[in-house]
There are 4 protein chains.
Amino acid sequence: MEVSMSTLKYADCIAACNECADICDYCATSCLKEDNVAMMARCIRTDMDCAALCRLAAGALARESEHAVAICQLCAQVCEACAEECEKHDHDHCQRCATACRRCAEACQKMAA
Amino acid sequence: MEVSMSTLKYADCIAACNECADICDYCATSCLKEDNVAMMARCIRTDMDCAALCRLAAGALARESEHAVAICQLCAQVCEACAEECEKHDHDHCQRCATACRRCAEACQKMAA
Amino acid sequence: MEVSMSTLKYADCIAACNECADICDYCATSCLKEDNVAMMARCIRTDMDCAALCRLAAGALARESEHAVAICQLCAQVCEACAEECEKHDHDHCQRCATACRRCAEACQKMAA
Amino acid sequence: MEVSMSTLKYADCIAACNECADICDYCATSCLKEDNVAMMARCIRTDMDCAALCRLAAGALARESEHAVAICQLCAQVCEACAEECEKHDHDHCQRCATACRRCAEACQKMAA
């Protein structure tokens with residue numbers, strides 16, 4: 001039988017959470033390779049929080065959890081904070097991460113509305 | 001800046017892991033709504049293992065972890081076990097889950113090769 | 001050098017979160033072995049949510065995350081919901097889980113205060 | 001009803017995994033505050049892998065997963081690698097992390113034997 005993510009109830013929000021988690025994880029690793037790592041410390045820390053919360057949110061949404069709305073509200077908040085931090089840095093991985101975080105925050109807010 | 005998952009080194013394997021995790025989480029929830037839940041107990045338990053390992057693998061791949069190969073090898077093994085269990089059940093969610101697990105196992109084996 | 005969890009800033013809350021996660025995971029597995037699994041479906045689902053959130057909270061606390069307070073607030077809320085569901089069932093694992101959930105909710109509320 | 005972690009089948013191994021995860025998460029955060037962060041990059045990355053795997057192992061053990069042995073084998077391997085990296089650094093948090101990683105590796109090997 002063909003698998004289709006679109007059969008999941010909150011497919012769009014799940015996709016945004018997965019993407020954001022992956023891009024945050026990649027941003028953290030990439031920040032650790034930058035010349036001035038010390039300047040990236042806060043970005044790395046918020047990337048870790050954001051990735052963890054996005055993966056938890058994706059799972060809760062896929063399980064159609066009773067707590068999905070509350071989890072998405074918190075996820076949106078952490079995504080916004082991560083986007084704000086990433087936007088301060090010119091590195092491609094940070095700019096891309098900011099975009100993924102804004103998109104995920106929006107998807108989570110829409111889901112929670 | 002545009003986000004593109006395809007910029008990630010192991011994009012295909014990451015996508016397969018995310019999809020498999022989501023479908024496993026959905027399968028677990030759906031199994032719990034079936035008439036004969038007792039018959040689905042092993043499926044639910046292996047879904048939980050598989051979802052957890054696929055999410056961990058996606059993160060390790062996105063971080064380009066030194067342990068990504070070893071993690072993908074274990075992930076492939078658990079995905080195969082989950083597919084075998086899911087294939088025993090006729091429910092749509094189980095059949096779809098088996099397909100996602102096989103696909104993820106293949107992607108993980110290819111990555112680890 | 002000797003390891004001591006007590007060197008961690010939020011050691012008590014971290015310990016409560018770890019314990020609650022483990023007891024919830026054990027409760028989910030035990031519920032799946034009960035004669036009337038269908039009656040335990042909601043308990044299993046809330047166990048999964050609670051375990052996932054408690055593990056995420058333990059990590060955020062150990063990393064002294066900026067978002068630890070917000071995460072603990074949500075964790076307390078999900079622990080309360082899990083305790084309420086578990087208290088409905090006479091099984092030892094459910095009653096123990098309810099106790100661990102109440103204890104963790106209290107630790108998280110105290111941390112977030 | 002009184003909660004007791006000692007009622008769990010693999011209580012010792014679960015406790016070692018939880019402790020190791022927490023100490024790794026704390027080590028990662030502490031490394032990011034060191035003067036020479038660049039020198040700590042590999043330590044931070046292995047801390048992330050180790051924390052994630054230890055939390056997954058604790059959950060699998062608590063659920064008495066069929067895959068607990070295979071997961072503990074991989075967990076032991078990643079803990080050893082993390083201990084080796086941490087031992088290179090004189091910081092207290094790294095030395096403590098190395099001890100926790102060795103202890104967890106031993107507990108996981110014993111469980112998997």
Side-chain angles (χ1 to χ4, degrees), chain A residues 8-10 14 17-18 20-21 24-25 27-28 31-32 40-86 88 97 101 104-105 108-109 111-112, chain C residues 8-10 14 17-18 20-21 24-25 27-29 31-32 40-86 88 101 104-105 108-109 111-112:
Chain A
L8 298 186
K9 202 173 172 180
Y10 305 113
I14 292 172
C17 288
N18 283 334
C20 191
C24 282
D25 271 320
C27 188
C31 285
L32 285 166
M40 310 310 296
R42 193 163 176 248
C43 192
I44 296 164
R45 293 182 67 181
T46 187
D47 280 339
M48 287 195 231
D49 288 339
C50 196
L53 207 45
C54 286
R55 293 201 195 283
L56 183 137
L61 287 161
R63 290 194 308 273
E64 298 176 11
S65 158
E66 289 181 43
H67 302 287
V69 166
I71 289 168
C72 282
Q73 280 167 338
L74 180 58
C75 193
Q77 192 179 313
V78 174
C79 285
E80 288 291 355
C82 195
E84 270 175 50
E85 179 58 33
C86 283
K88 293 178 191 165
C97 194
C101 288
C104 188
C108 284
Q109 276 153 359
M111 188 274 155
Chain C
L8 298 186
K9 202 171 172 183
Y10 304 113
I14 291 172
C17 287
N18 283 335
C20 190
C24 281
D25 271 321
C27 188
T29 276
C31 285
L32 285 166
M40 310 311 295
R42 193 164 175 247
C43 193
I44 296 164
R45 293 182 67 180
T46 188
D47 281 340
M48 287 194 230
D49 288 338
C50 197
L53 208 44
C54 286
R55 293 200 196 283
L56 183 137
L61 288 161
R63 289 194 308 271
E64 299 177 10
S65 158
E66 289 180 41
H67 302 288
V69 166
I71 290 168
C72 281
Q73 281 168 337
L74 179 59
C75 192
Q77 192 180 315
V78 174
C79 285
E80 288 292 353
C82 194
E84 269 175 52
E85 179 59 35
C86 283
K88 294 178 190 164
C101 288
C104 188
C108 284
Q109 277 153 358
M111 188 276 156

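Residue numbers begin at 1 in each chain, while the letters A, B, ... track the order of the sequences.
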Region of C:R42 in contact with chain A, defined by heavy-atom distances below 4.5 Å: side chain

What residue in C:E64, C:M48, C:R45 has the most heavy-atom pairs under 4.5 Å with chain A? C:R45

Distance, nearest 0.5 Å, that separates SG of A:C82 from CG of A:D49: 8.5 Å

Separation between CG of C:L8 and CG of C:L61, rounded to the nearest 0.5 Å: 9.5 Å

Heavy atoms, side chains only, cut-off 4.5 Å: are A:E85 and C:E66 in contact? no

C:R63 versus chain A, heavy atoms under 4.5 Å apart: side chain, backbone, both or neither? both

In terms of heavy-atom proximity below 4.5 Å to chain A, should C:Q73 be classed as side chain, backbone, both, or neither? neither

Spacing of OG1 belonging to C:T46 relative to NE2 belonging to A:H67, to within rounding of 0.5 Å: 4.0 Å

